[in-house]
Amino acid sequence: MSVRRPVAWVVAVVLFAEAVGVAALNWFLAVVVDRQDMSLAGLDPDMMSLSSKIGGVVFGLYFALCGLVALLVAVRDRAPAGVGRILLISAAVVHGLLGAFTWGLVGPGAFIFMIVVLGLIVLLLMTYDAREEPSAGQRPEDGKGGDGSPVSSPPAPTTP
């Protein structure tokens with residue numbers, strides 16, 4: 001039994017949940033900054049609030065797009081290609097970096113979550129890269145070798 005599709009489904013669900021969580025957290029932080037009406041090192045509080053909302057929406061859409069790629073991988077049962085593959089690799093890098101930062105800023109629980117998501121994304125990418133080859137002693141269905149050449153016995157030895 002292959003674990004490829006279930007891993008892709010889990011990655012899709014996690015990335016969609018993370019997209020909503022990141023957007024909601026940034027929106028909440030923007031509301032807090034807006035209601036305090038305080039300046040941080042001379043920065044405009046309205047600008048900080050607006051930039052937090054924009055950042056939340058952008059990162060939420062980014063994670064949702066990565067979740068959509070994982071969903072398409074799960075539905076089609078094919079490896080991600082092109083831009084989708086690049087998005088998943090970038091999401092893995094982002095989770096690695098966020099994991100490194102969250103250990104010191106938030107704590108080990110957030111670090112473990114980030115590393116688990118990183119591991120799931122890498123597992124998704126790696127399981128679809130593995131090529132399934134027939135086991136030794138089995139002939140391919142079409143009578144040809146793995147490189148497309150006909151399967152035949154080696155030439156008989158000749159004597160001079």
_Separation between CE of M48 and CD of Q36, rounded to the nearest 0.5 Å_ = 8.5 Å
*Measure the CD1-CG distance between I121 and L124 for me, rounded to the nearest 0.5 Å.*
8.0 Å
*asked:* Can you tell me which residue among V122, L123, L120 is in a side chain to side chain contact (heavy atoms under 4.5 Å, CB included) with V11?
replied: L120
*At their closest point, which heavy atom of G96 faces which heavy atom of L118, and how far apart are they?*
CA-CD2, 4.1 Å
*Parallel, tilted or perpendicular: ring planes of F63 versus H95, cut at 30 and 60 degrees*: tilted
*According to the side chain to side chain donor-acceptor pair (under 3.5 Å) rule, which pairs have a member within residues 58-71, sequence neighbours left out?*
Y62-S90
_Interatomic distance, L105 atom CG to L98 atom CG [nearest 0.5 angstrom]_ = 10.5 Å
*Taking only residues at least two apart or on different chains, which pairs with a member in residues 84-98 satisfy salt bridge (charged side-chain N to carboxylate O under 4.0 Å, His left out)?*
R85-D129
*Identify the two heavy atoms, one from P108 and one from W103, that lie closest to each other, and give their separation to 0.1 Å.*
CB-CZ3, 3.6 Å
*When clusters are formed by joining ILVMFWY residues with side-chain heavy atoms under 4.5 Å apart, either directly or through shared neighbours, do I86 and V73 land in the same one?*
no
*Specify the closest pair of heavy atoms between K53 and A30, including all atoms of both residues, with the distance to one decimal.*
CG-CB, 3.4 Å
*Can you hop from V83 to F59 via hydrophobic side chains spaced under 4.5 Å?*
yes
